[in-house]
Amino acid sequence: MPLSTQPETGDDQYVLVTSLDNVRNLSNILKAIHFKDHATCFATTNGIKVTVENAKCLQANAFIQAGIFQEFIIQEESVMFRINLAVLLDCLTIFGTSTALRMCYHGYGYPLTLFLEEGGVVTVCKINTEEPEETLDFDFCSTNVVNKIILQSEGLREAFGELDMTSEVLQITMSPDKPYFRLSTFGNAGSAHLDYPKDSDLMEAFHCNQTQTNRYKISLLKPSTKALALSCKVSIRTDNRGFLSLQYMIRNEDGQICFVEYYCCPDEDITESEL
(Lines give C-alpha, C1' and ligand atoms only; values in the text may rest on other atoms or scores of the structure.)
Protein backbone atom coordinates (compact mmCIF):
# COMPACT_ATOMS: atom_id res chain seq x y z
CA MET A 1 0.00 0.00 0.00
CA PRO A 2 1.49 3.38 -0.97
CA LEU A 3 0.78 4.88 2.44
CA SER A 4 3.15 2.46 4.14
CA THR A 5 6.02 3.78 2.03
CA GLN A 6 5.53 7.45 2.91
CA PRO A 7 8.91 8.69 4.18
CA GLU A 8 7.43 11.13 6.72
CA THR A 9 5.70 8.33 8.61
CA GLY A 10 8.74 6.65 10.13
CA ASP A 11 7.36 4.42 12.86
CA ASP A 12 10.13 5.10 15.35
CA GLN A 13 9.06 8.71 15.92
CA TYR A 14 5.49 7.81 16.87
CA VAL A 15 4.05 6.14 19.98
CA LEU A 16 1.07 4.88 17.96
CA VAL A 17 0.81 3.93 14.29
CA THR A 18 -2.17 2.22 12.66
CA SER A 19 -3.18 1.67 9.07
CA LEU A 20 -6.32 0.55 7.28
CA ASP A 21 -6.89 -0.25 3.61
CA ASN A 22 -10.40 1.17 3.93
CA VAL A 23 -11.70 3.63 6.52
CA ARG A 24 -15.38 2.66 6.13
CA ASN A 25 -15.56 0.22 9.04
CA LEU A 26 -13.72 2.57 11.40
CA SER A 27 -15.84 5.57 10.50
CA ASN A 28 -19.05 3.55 10.90
CA ILE A 29 -18.04 2.41 14.39
CA LEU A 30 -17.14 5.95 15.43
CA LYS A 31 -20.41 7.33 14.03
CA ALA A 32 -22.22 4.83 16.29
CA ILE A 33 -20.95 6.67 19.40
CA HIS A 34 -20.96 10.21 18.01
CA PHE A 35 -23.56 11.95 20.17
CA LYS A 36 -21.08 14.42 21.66
CA ASP A 37 -18.25 16.15 19.84
CA HIS A 38 -15.37 15.09 22.09
CA ALA A 39 -14.07 11.60 22.78
CA THR A 40 -11.30 10.02 24.82
CA CYS A 41 -9.07 7.53 22.99
CA PHE A 42 -7.25 4.84 24.95
CA ALA A 43 -4.88 2.54 23.06
CA THR A 44 -3.09 -0.62 24.25
CA THR A 45 -1.64 -3.62 22.45
CA ASN A 46 -5.20 -5.02 22.30
CA GLY A 47 -6.53 -2.13 20.24
CA ILE A 48 -8.23 1.22 20.72
CA LYS A 49 -11.15 2.12 22.98
CA VAL A 50 -12.97 5.34 22.15
CA THR A 51 -15.24 6.74 24.89
CA VAL A 52 -17.98 9.39 24.68
CA GLU A 53 -20.03 10.55 27.68
CA ASN A 54 -23.07 12.66 28.44
CA ALA A 55 -24.06 14.30 31.73
CA LYS A 56 -22.54 11.56 33.90
CA CYS A 57 -25.58 9.41 33.02
CA LEU A 58 -24.50 7.81 29.76
CA GLN A 59 -21.26 6.38 28.44
CA ALA A 60 -20.54 4.81 25.07
CA ASN A 61 -17.42 2.80 24.29
CA ALA A 62 -16.30 1.62 20.87
CA PHE A 63 -13.79 -1.25 21.02
CA ILE A 64 -11.66 -1.52 17.86
CA GLN A 65 -9.41 -4.55 18.16
CA ALA A 66 -5.83 -4.36 16.94
CA GLY A 67 -6.55 -7.20 14.49
CA ILE A 68 -8.96 -4.98 12.56
CA PHE A 69 -6.01 -2.89 11.38
CA GLN A 70 -3.56 -3.97 8.70
CA GLU A 71 -0.86 -2.41 10.85
CA PHE A 72 -0.98 -1.65 14.57
CA ILE A 73 2.17 -0.48 16.37
CA ILE A 74 2.21 0.91 19.89
CA GLN A 75 5.48 1.85 21.58
CA GLU A 76 4.15 2.36 25.11
CA GLU A 77 2.05 0.29 27.49
CA SER A 78 -0.88 2.62 26.85
CA VAL A 79 -1.55 5.82 24.95
CA MET A 80 -4.37 8.19 25.87
CA PHE A 81 -5.63 11.46 24.43
CA ARG A 82 -8.84 13.46 23.92
CA ILE A 83 -9.95 14.52 20.46
CA ASN A 84 -12.77 16.27 18.66
CA LEU A 85 -14.69 13.29 17.27
CA ALA A 86 -16.68 15.43 14.83
CA VAL A 87 -13.47 16.72 13.23
CA LEU A 88 -11.98 13.21 13.11
CA LEU A 89 -15.08 11.86 11.34
CA ASP A 90 -15.04 14.76 8.88
CA CYS A 91 -11.44 13.93 7.99
CA LEU A 92 -12.06 10.18 7.69
CA THR A 93 -14.96 10.71 5.31
CA ILE A 94 -13.50 13.60 3.32
CA PHE A 95 -13.00 11.45 0.20
CA GLY A 96 -15.77 8.91 0.67
CA THR A 97 -15.71 5.33 1.87
CA SER A 98 -12.85 3.69 -0.04
CA THR A 99 -10.07 5.78 1.45
CA ALA A 100 -6.91 4.16 2.85
CA LEU A 101 -5.71 5.48 6.20
CA ARG A 102 -2.48 5.69 8.13
CA MET A 103 -2.95 7.24 11.57
CA CYS A 104 0.03 8.37 13.64
CA TYR A 105 0.39 9.92 17.08
CA HIS A 106 3.68 11.35 18.31
CA GLY A 107 2.72 11.53 21.97
CA TYR A 108 1.41 13.91 24.61
CA GLY A 109 0.80 17.41 23.31
CA TYR A 110 1.13 16.48 19.66
CA PRO A 111 -1.65 16.34 17.08
CA LEU A 112 -3.11 13.14 15.68
CA THR A 113 -1.86 12.90 12.10
CA LEU A 114 -3.93 11.22 9.40
CA PHE A 115 -2.51 10.24 6.04
CA LEU A 116 -5.48 9.63 3.75
CA GLU A 117 -4.99 8.10 0.32
CA GLU A 118 -7.56 8.15 -2.44
CA GLY A 119 -6.66 7.31 -6.04
CA GLY A 120 -2.93 7.64 -5.40
CA VAL A 121 -3.25 11.10 -3.88
CA VAL A 122 -2.26 11.45 -0.21
CA THR A 123 -3.80 14.15 1.98
CA VAL A 124 -2.43 14.91 5.44
CA CYS A 125 -4.75 16.04 8.24
CA LYS A 126 -3.50 17.08 11.66
CA ILE A 127 -6.05 17.18 14.48
CA ASN A 128 -5.16 18.81 17.78
CA THR A 129 -5.35 16.53 20.80
CA GLU A 130 -6.28 17.59 24.31
CA GLU A 131 -5.56 16.58 27.85
CA PRO A 132 -7.63 13.42 28.46
CA GLU A 133 -10.31 13.82 31.07
CA GLU A 134 -11.01 11.07 33.55
CA THR A 135 -13.84 8.96 32.21
CA LEU A 136 -16.76 7.83 34.34
CA ASP A 137 -16.46 4.53 36.15
CA PHE A 138 -19.89 2.94 36.10
CA ASP A 139 -18.44 0.07 38.15
CA PHE A 140 -20.41 -2.35 36.02
CA CYS A 141 -18.77 -5.68 36.82
CA SER A 142 -19.98 -9.14 35.88
CA THR A 143 -20.25 -10.28 39.51
CA ASN A 144 -23.00 -7.70 40.12
CA VAL A 145 -24.99 -8.54 36.98
CA VAL A 146 -28.45 -9.78 37.96
CA ASN A 147 -30.04 -10.36 34.56
CA LYS A 148 -28.65 -10.87 31.08
CA ILE A 149 -30.16 -11.68 27.73
CA ILE A 150 -28.69 -11.81 24.24
CA LEU A 151 -31.10 -10.81 21.51
CA GLN A 152 -30.81 -10.72 17.75
CA SER A 153 -30.62 -7.03 16.90
CA GLU A 154 -33.57 -7.15 14.53
CA GLY A 155 -35.81 -7.81 17.55
CA LEU A 156 -34.72 -4.61 19.27
CA ARG A 157 -34.88 -2.63 16.03
CA GLU A 158 -38.50 -3.72 15.61
CA ALA A 159 -39.24 -2.73 19.21
CA PHE A 160 -37.93 0.80 18.77
CA GLY A 161 -40.03 1.04 15.64
CA GLU A 162 -43.24 -0.04 17.38
CA LEU A 163 -42.98 1.60 20.79
CA ASP A 164 -44.10 5.18 21.42
CA MET A 165 -40.94 7.28 21.37
CA THR A 166 -42.85 10.35 22.65
CA SER A 167 -42.49 8.67 26.04
CA GLU A 168 -39.89 10.21 28.33
CA VAL A 169 -38.75 6.81 29.54
CA LEU A 170 -38.30 3.26 28.37
CA GLN A 171 -39.23 0.76 31.06
CA ILE A 172 -37.38 -2.56 30.94
CA THR A 173 -38.62 -5.58 32.84
CA MET A 174 -36.42 -8.68 33.03
CA SER A 175 -37.70 -11.68 34.95
CA PRO A 176 -37.19 -15.45 35.30
CA ASP A 177 -41.00 -15.71 34.97
CA LYS A 178 -43.52 -14.09 32.66
CA PRO A 179 -43.29 -11.59 31.01
CA TYR A 180 -39.57 -12.59 30.86
CA PHE A 181 -38.46 -9.56 28.84
CA ARG A 182 -40.80 -6.59 28.44
CA LEU A 183 -40.23 -3.14 26.98
CA SER A 184 -42.77 -0.45 27.90
CA THR A 185 -43.34 3.18 26.97
CA PHE A 186 -45.78 5.76 28.31
CA GLY A 187 -46.28 8.32 25.56
CA ASN A 188 -48.94 10.64 24.21
CA ALA A 189 -50.96 7.72 22.84
CA GLY A 190 -50.94 5.86 26.16
CA SER A 191 -48.97 2.88 27.43
CA ALA A 192 -47.39 0.37 25.05
CA HIS A 193 -45.79 -2.96 25.95
CA LEU A 194 -43.75 -5.39 23.90
CA ASP A 195 -43.00 -8.85 25.33
CA TYR A 196 -40.38 -11.39 24.31
CA PRO A 197 -40.78 -14.95 25.62
CA LYS A 198 -37.56 -16.61 26.68
CA ASP A 199 -37.97 -19.22 23.92
CA SER A 200 -38.44 -16.59 21.19
CA ASP A 201 -36.54 -17.22 17.96
CA LEU A 202 -34.92 -13.83 18.49
CA MET A 203 -33.58 -14.81 21.93
CA GLU A 204 -30.00 -16.13 21.77
CA ALA A 205 -29.50 -16.46 25.52
CA PHE A 206 -31.65 -15.90 28.60
CA HIS A 207 -30.14 -15.67 32.09
CA CYS A 208 -32.49 -13.92 34.51
CA ASN A 209 -32.13 -14.47 38.25
CA GLN A 210 -34.73 -12.12 39.67
CA THR A 211 -37.46 -9.76 38.51
CA GLN A 212 -36.21 -6.25 37.85
CA THR A 213 -38.13 -3.29 36.46
CA ASN A 214 -36.18 -0.12 35.71
CA ARG A 215 -36.81 3.01 33.72
CA TYR A 216 -34.29 4.83 31.52
CA LYS A 217 -34.60 8.19 29.82
CA ILE A 218 -35.27 7.65 26.12
CA SER A 219 -33.24 10.77 25.36
CA LEU A 220 -30.20 8.93 26.75
CA LEU A 221 -30.92 5.67 24.92
CA LYS A 222 -31.62 7.19 21.49
CA PRO A 223 -27.93 7.61 20.57
CA SER A 224 -27.46 3.83 20.96
CA THR A 225 -29.80 3.20 18.03
CA LYS A 226 -26.89 4.15 15.74
CA ALA A 227 -24.97 1.13 17.03
CA LEU A 228 -28.13 -1.00 16.97
CA ALA A 229 -28.56 -0.28 13.25
CA LEU A 230 -25.07 -1.68 12.52
CA SER A 231 -25.20 -4.66 14.88
CA CYS A 232 -26.23 -8.29 14.49
CA LYS A 233 -26.63 -9.12 18.21
CA VAL A 234 -27.14 -7.15 21.39
CA SER A 235 -26.40 -8.18 24.97
CA ILE A 236 -28.71 -6.51 27.49
CA ARG A 237 -27.58 -6.62 31.12
CA THR A 238 -28.70 -5.02 34.36
CA ASP A 239 -26.79 -5.02 37.63
CA ASN A 240 -27.99 -4.91 41.24
CA ARG A 241 -28.32 -1.09 41.09
CA GLY A 242 -30.44 -1.14 37.94
CA PHE A 243 -27.65 0.18 35.73
CA LEU A 244 -28.06 -0.90 32.10
CA SER A 245 -25.44 -2.24 29.72
CA LEU A 246 -26.21 -2.55 26.02
CA GLN A 247 -23.39 -4.28 24.18
CA TYR A 248 -23.71 -4.37 20.41
CA MET A 249 -21.78 -6.89 18.33
CA ILE A 250 -20.93 -5.41 14.93
CA ARG A 251 -19.58 -7.63 12.16
CA ASN A 252 -17.94 -5.78 9.30
CA GLU A 253 -17.80 -6.80 5.65
CA ASP A 254 -14.63 -8.85 6.23
CA GLY A 255 -16.29 -10.86 8.98
CA GLN A 256 -14.28 -9.12 11.70
CA ILE A 257 -16.09 -8.18 14.89
CA CYS A 258 -16.10 -4.94 16.89
CA PHE A 259 -18.14 -4.05 19.94
CA VAL A 260 -19.93 -0.89 20.96
CA GLU A 261 -21.16 -0.71 24.53
CA TYR A 262 -23.52 1.80 26.13
CA TYR A 263 -23.89 2.21 29.90
CA CYS A 264 -26.93 4.06 31.18
CA CYS A 265 -28.00 4.85 34.73
CA PRO A 266 -31.64 4.28 35.76
CA ASP A 267 -34.03 7.21 35.94
CA GLU A 268 -33.95 7.75 39.69
CA ASP A 269 -36.22 10.81 39.67
CA ILE A 270 -39.18 9.01 38.18
CA THR A 271 -38.90 5.90 40.32
CA GLU A 272 -38.63 7.98 43.47
CA SER A 273 -41.64 10.13 42.57
CA GLU A 274 -43.77 7.06 42.16
CA LEU A 275 -43.01 5.64 45.58
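The basis for the numbers below is simple: all heavy atoms, side chains too, and nothing from hydrogens, waters or symmetry mates. Note that the structure is predicted; figures quoted are calculated from it, not measured. In what follows, residues are counted from 1 in the order of the sequence shown.
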(message) Under 4.0 Å between a side-chain nitrogen and a carboxylate oxygen: does that hold for Lys49 and Glu261?
(response)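 Judged by the 4.0 Å cut-off on N to carboxylate O distance, Lys49 and Glu261 do not form a salt bridge.
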
(request) State, without any angle test, whether Asp164 and Thr166 hold a side-chain donor-acceptor pair at a distance under 3.5 Å. (result)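 Yes, a side-chain donor-acceptor pair sits under 3.5 Å.
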
(message) Assess, by modelled atom type and distance only, whether the side chains of Ser19 and Glu71 contain a donor and an acceptor separated by less than 3.5 Å.
(response)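 Yes, side-chain donor-acceptor contact under 3.5 Å.
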
Are the side chain of [X] and the backbone of [Y] linked by a donor-acceptor contact shorter than 3.5 Å?
| X | Y | value |
| --- | --- | --- |
| Asn54 | Leu58 | no |
| Tyr248 | Ala229 | no |
| Lys226 | His34 | yes |
| Thr185 | Gly187 | no |

(message) Is there a side-chain contact between Leu170 and Leu163 in this structure, where contact means two heavy atoms from C-beta onward sitting under 4.5 Å apart?
(response)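 Answer yes - side chains close enough.
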
(request) Determine whether Arg102 and Val17 make a side-chain contact, defined as any pair of heavy atoms from C-beta on separated by less than 4.5 Å. (result)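 Of all side-chain heavy-atom pairs linking Val17 with Arg102, at least one is under 4.5 Å.
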
Mutual orientation of the aromatic rings belonging to [X] and [Y] [parallel < 30°, tilted 30-60°, perpendicular > 60°]:
| X | Y | answer |
| --- | --- | --- |
| Phe138 | Phe243 | perpendicular |
| Phe206 | Tyr180 | perpendicular |
| Phe72 | Phe69 | tilted |

(message) Would Arg215 and Phe186 count as a cation-pi pair here, with the cationic atom under 6.0 angstrom from the ring centre and within 45° of the axis?
(response)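 Cation-pi check for Arg215 and Phe186: passes.
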
(message) The test is side chain to side chain contact (heavy atoms under 4.5 Å, CB included); show your working for Ile149 and Met174 and say whether it passes.
(response) CA-CA 9 Å; Ile149 69 168; Met174 301 173 77; 3.8 Å; yes

(request) Is it possible for you to say whether Leu244 and Met249 belong to one hydrophobic cluster, with membership spreading through side-chain heavy-atom contacts below 4.5 Å? (result)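 Leu244 and Met249: separate clusters.
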
